[in-house]
Trainee: 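Can you read through this structure? Questions will come right after.
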Amino acid sequence: MALADTQTNRIDLRLVAEMVTPGSRVLDVGCGDGELLSLLAETRGVDGRGIELSREGVAGCVARGLSVIQGDADTDLADYPDDSFDYVILSQTIQATRNPRLVLEHMLRIGRRAIVSFPNFGHWRMRTQVFFLGRMPVTDSLPYAWWDTPNIHFCTIRDFVALCDTVGAEKERAVALDVAGGRVGVSAPWWFWNLFGAQAVFLLKRG
Amino acid sequence: MPNRTQVPELLADPLAEANQPSSLLARFGPDKALQLDSGATLEHWQIAYQTYGSLNASRSNAVLVCHALTGDQYVASRNPVTGKGGWWTAMIGPGKPVDTDRFFVICANVLGGCMGTTGPASTDPATGKPWGLSFPMVTIRDMVRAQAHLIDSLGIDSLFCVAGGSMGGMQVLQWAATYPTRVFSALPLATAAKHSAQNIAFHEVGRQAVMADPDWRQGRYLDEGTRPSKGLSVARMGAHITYLSEPALHRKFGRKLQERSAPTFTFDADFQVESYLRYQGISFVERFDANSYLYVTRAMDYFDLAADHDGVLAKAFAGTRTRFCVASFTSDWLFPTTDSRAIVHALNAAGASVSFVELESDKGHDAFLLEEPNLFATTRGFIGAAARARGI
């Protein structure tokens, strides 16, 4: 099946899948109900594995025939040997980890490439909510009030770029998506992305 | 004595079942001699088993179920000694997670057991007397070797799935490690790749209780017409506590008194939990051989899959193509989740296809035998997906 024929309406997942070479070995960290792993298996023929915190998520994945381990990205990535995967993916999960730097370091150790997608806290809507309302932002991509959110480490695109530099990750590709899922002009400068990208997807490798 | 601790009525004679089981039986001679890890060889031996469902034309739908310490081959049918239903009827049967309308299920009594597979209660062909303590020590790997002979004799090259909990799970892991190409999928539940020091300690208490019974007669009780019922009963009572959890015991019994309104200030079974344990102990004695208990607990104690592979568990599974699904229970303190995680960690390091889930339950180690909807949902999903992958 080609990517264009798939049913998923998650543009960010399709963007991630595009970055994965067909037939490769993939570890999806925080794989939820396995939507991305299924997409990768169907359209890219990947040999996929997942880690998911919730029992319900794992059970759903197992029933779909996916190999998924109930576990915590913050503690369990240490168990994986170096270079055991072609890609390690962290899709919409980095903001829910306790130690994003350590998680990113493990991803770059375990995989030859790392793919990270996350909601951009520097988007203009976030900024205006804080600025004008004086309240923590609640948006479509982050629909939680501050007191019941699983997310604990928000970052902006610029913050993430700084983290990549800190851990010595090289950015092979970077794409920002606006609220409607359209791509923000690739030639645009970082400040523009940081203001108008609602989500970002980075393809990284060890520097 | 409260009526619950009365001896249950038996249907078949357990001593006769050890040699002539009511189930199916495969006999092997010197051409299929069984080499044991201890160095001993069994030239004449037999394995008792039951099957459910039917083998398909391509012989690709066989599921081997491995039983736990005191289980037997009657996994989904009436036990001829106790008259009770199979020990895993929740899991195995028509329309169940292991669907007998779809799969050919095989369950054998383990080597060293007392329900028809050669063990210390069987007759030694060399002497015409029960083996007793002259029976060679057996290991989990020996049990699996014996099962492999049975599977060969049934004309099955590759098992669709090997499944089991506790000691059964140890056999599942051993199967996957010893015969990787013969196991398409593996379902080790509430188990460990090695028996812990704490569990060896519990087993030793049980064995010492058996050996301290004067009727044990240095293991020669079958010859001398006695039975170490008190010792074996105490061993079972102790073990039974380790299979449960405090919440489960509390919910079932709390501190409730047994058929009385006030304590008697004696050592009678005042509490319901005492009466329950006495019942468990006594009913166990009637169906299980004391020497078998010693041998099979010892086999579990010796189990350490990593030790056979330079201490690195991942090496036991190197290059495996088997699909694994590992599950543990939150309240299992005999085989806690950390044991299952160690298995999963090794499988990850070996690049194996593995799923793992820790299931919420307050029923302790025994949860794998009980009605646990989450367990059934997980196993049903895993087995269904594996069957699709194998085209059955």
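Side chains included, hydrogens not; waters and symmetry mates left out as well; all remaining heavy atoms used. Here is how names work: the chains are called A, B, and so on, in the same order as the sequence lines, proteins then strands, and each is numbered from 1.
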Trainee: What are the two closest heavy atoms between B/A385 and A/R64, and how far apart are they?
Mentor: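 So the minimum-distance heavy-atom pair works out to CB-C, 4.4 Å.
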
Trainee: Please check if atom CZ in A/R135 has more than 12 non-hydrogen atoms from other residues, nucleotides or ligands closer than 6.0 Å.
Mentor: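 Incorrect, the count does not exceed 12.
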
Trainee: So does A/D165 have more than 12 non-hydrogen atoms from other groups sitting under 6.0 Å from CG?
Mentor: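 Atom CG in A/D165 is packed in, count exceeds 12.
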
Trainee: Spell out the residues in residues 69-86 of chain A that have some non-hydrogen atom less than 4.5 Å away from a non-hydrogen atom of chain B, in order of number; otherwise answer 'none'.
Mentor: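 Hits under 4.5 Å: A/I69, A/Q70, A/G71, A/D76, A/D79, A/Y80, A/P81.
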
Trainee: Where along residues 88-105 of chain A does a heavy atom come under 4.5 Å of chain B, listed by residue number?
Mentor: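 Counting heavy atoms that sit under 4.5 Å from chain B, no residue of residues 88-105 of chain A is involved.
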
Trainee: Report, in residue-number order, which members of residues 106-120 of chain A are under 4.5 Å from chain B by heavy-atom distance.
Mentor: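 So no residue qualifies.
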
Trainee: If I measure from the heavy atoms of chain B, does A/L66 come under 4.5 Å with its side chain, its backbone, both, or neither?
Mentor: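 Just its backbone gets close to chain B.
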
Trainee: Using a cut-off of under 4.5 Å for heavy-atom pairs, which of B/L359, B/V357, B/T378 has the most such pairs with chain A?
Mentor: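 Top option by heavy-atom pairs under 4.5 Å: B/V357.
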
Trainee: With a sphere of 6.0 Å drawn around CZ of B/R390, does it hold more than 12 non-hydrogen atoms of other residues, nucleotides or ligands?
Mentor: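 It does: B/R390 CZ has more than 12 such atoms within range.
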
Trainee: Would B/R323 and A/S67 count as a side chain to side chain contact (heavy atoms under 4.5 Å, CB included) here? Give the steps.
Mentor: CA-CA 8 Å; B/R323 306 155 70 102; A/S67 294; 5.9 Å; no

Trainee: Against chain A, label B/A377 side chain, backbone, both or neither, depending on which of its atoms sit under 4.5 Å from a heavy atom there.
Mentor: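 Neither; nothing under 4.5 Å.
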
Trainee: So with a 6.0 Å cut-off around NZ of B/K363, is the heavy-atom count from everything else above 12?
Mentor: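 Atom NZ in B/K363 is crowded, with more than 12 foreign heavy atoms closer than 6.0 Å.
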
Trainee: How far does CD of A/E56 sit from CG of B/N374, to the nearest 0.5 angstrom?
Mentor: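 The distance works out to 7.5 Å.
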
Trainee: Do you know which two heavy atoms are closest between B/F356 and A/V58, and how far apart they sit?
Mentor: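 For B/F356 versus A/V58, the nearest heavy atoms are O-CG1, 3.5 Å.
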
Trainee: Holding to side-chain hydrogen bond (donor to acceptor under 3.5 Å, both in side chains), I want the full list of residues that pass it with B/R380, two or more places apart in sequence or in another chain.
Mentor: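 So B/R380 forms no side-chain hydrogen bond (donor to acceptor under 3.5 Å, both in side chains) with any residue.
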
Trainee: Taking atom CD of B/E360 as the centre, does the number of heavy atoms from other residues, nucleotides or ligands within less than 6.0 Å exceed 12?
Mentor: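 No, the 6.0 Å shell around CD holds no more than 12 heavy atoms from other groups.
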
Trainee: Quick one: what part of B/A389 sits under 4.5 Å from any heavy atom of chain A, side chain, backbone, both or neither?
Mentor: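 Neither; nothing under 4.5 Å.
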
